Amino acid sequence: MTRSKKVDRAWLHDHVNDPYVKLARKEDYRARAAYKLKEIDEALRLLRPGQVVVDLGSTPGAWSQYVRRRFAAKSAAAGELNGTLIALDLLPMVPIEGVQFIQGDFRDPLSADALAERLHGRDVDVVLSDMAPNLSGVAVSDAARMTDLVELAVEFAERHLSSEGALVAKVFHGSGYSQLVERFKQAFRVVKAIKPKASRDKSAETFLVGRGLKQPR
């Protein structure tokens with residue numbers, strides 16, 4: 001057996017036995033990532049009915065599912081919801097009732113403009129970014145692409161967040177991380193780094209949360 005097959009088999013074993021994977025199947029979430037957002041939300045109380053939320057890098061839709069349930073009566077997965085949720089991703093996403101979806105590249109100004117048009121001039125209460133580049137395995141290159149995506153999310157937040165709004169963005173520890181923390185501190189009054197229990201131990205990901213713009217529009 002080749003090393004790559006051994007690695008694939010080990011990953012599959014860990015995935016199948018992952019408690020968050022099992023919970024996601026039980027609670028009908030599309031991915032275990034829903035529990036990362038759930039933990040962040042419960043710790044910081046970011047999401048509530050009536051808000052305007054933008055979900056960047058939304059596919060397959062687990063974060064949008066979680067927000068949609070937060071907006072619905074009795075946390076229902078279907079039916080009327082109180083709030084606006086706009087999702088965007090480069091890849092297609094199976095529709096979620098009540099979620100407005102835009103397929104496009106957030107790095108493309110046209111996609112960012114389409115997203116802004118859906119807001120109809122409304123302030124955004126929470127921007128969620130689970131965006132990540134396709135990893136090449138070249139650490140410096142991957143870190144640079146990740147930094148670019150996070151920078152774009154911060155710039156979007158600065159243009160569209162309400163004065164007390166929040167940005168949650170996935171980042172990777174390593175090259176460029178300290179610079180991203182400083183970028184958040186430039187933009188927000190309160191900055192926290194959170195690594196949810198649902199993040200795999202081997203993963204370099206963590207989440208930066210910025211709240212309250214220092215220079216509201």
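Because the structure is predicted, anything quoted here is derived from the model rather than measured.
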Determine which pairs satisfy side chain to side chain donor-acceptor pair (under 3.5 Å) with at least one residue from residues 44-58, sequence neighbours left out, and list them in order.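 Sorted result for residues 44-58: D55-S64.
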
Please tabulate, for side-chain N and O atoms in residues 184-191, each donor-acceptor pair with protein atoms closer than 3.5 Å (sequence neighbours left out).
{"unit_1": "R189", "atom_1": "NH1", "unit_2": "L213", "atom_2": "O", "d": "3.1"}
{"unit_1": "R189", "atom_1": "NH2", "unit_2": "E164", "atom_2": "OE1", "d": "2.8"}
{"unit_1": "R189", "atom_1": "NH2", "unit_2": "E164", "atom_2": "OE2", "d": "2.9"}

Nearest-0.5 Å distance that lies between atom [atom1] in [X] and atom [atom2] in [Y]:
X	Y	atom1	atom2	result
R32	K22	CZ	NZ	12.5 Å
D41	L47	CG	CG	4.0 Å
T84	R118	OG1	CZ	11.5 Å

Surrounding [atom1] of [X] (heavy atoms of other residues, nucleotides or ligands, distance under 6.0 Å), is the total greater than 12?
X	atom1	answer
K192	NZ	no
D113	CG	yes
R122	CZ	yes
K170	NZ	yes

[Y] reachable from [X] in the ILVMFWY side-chain graph, under 4.5 Å edges:
X	Y	answer
I102	L56	yes
L180	M131	yes
L167	V53	no

Going by the ring pair (Phe, Tyr, Trp, His ring centres under 6.0 Å) test, which pairs reach into residues 74-115, not counting sequence neighbours?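 Residue pairs passing ring pair (Phe, Tyr, Trp, His ring centres under 6.0 Å), neighbours aside: F106-F156.
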
Distance-only, no hydrogens or angles: does the [X] side chain make a donor-acceptor pair with backbone N or O of [Y] under 3.5 Å?
X	Y	value
K36	W63	no
E39	K197	yes
R30	Q65	no
T147	A143	yes

Quick check, are the ring centers of Y29 and Y35 under 6.0 angstrom apart?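 Centroid separation for Y29 and Y35: below 6.0 Å.
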
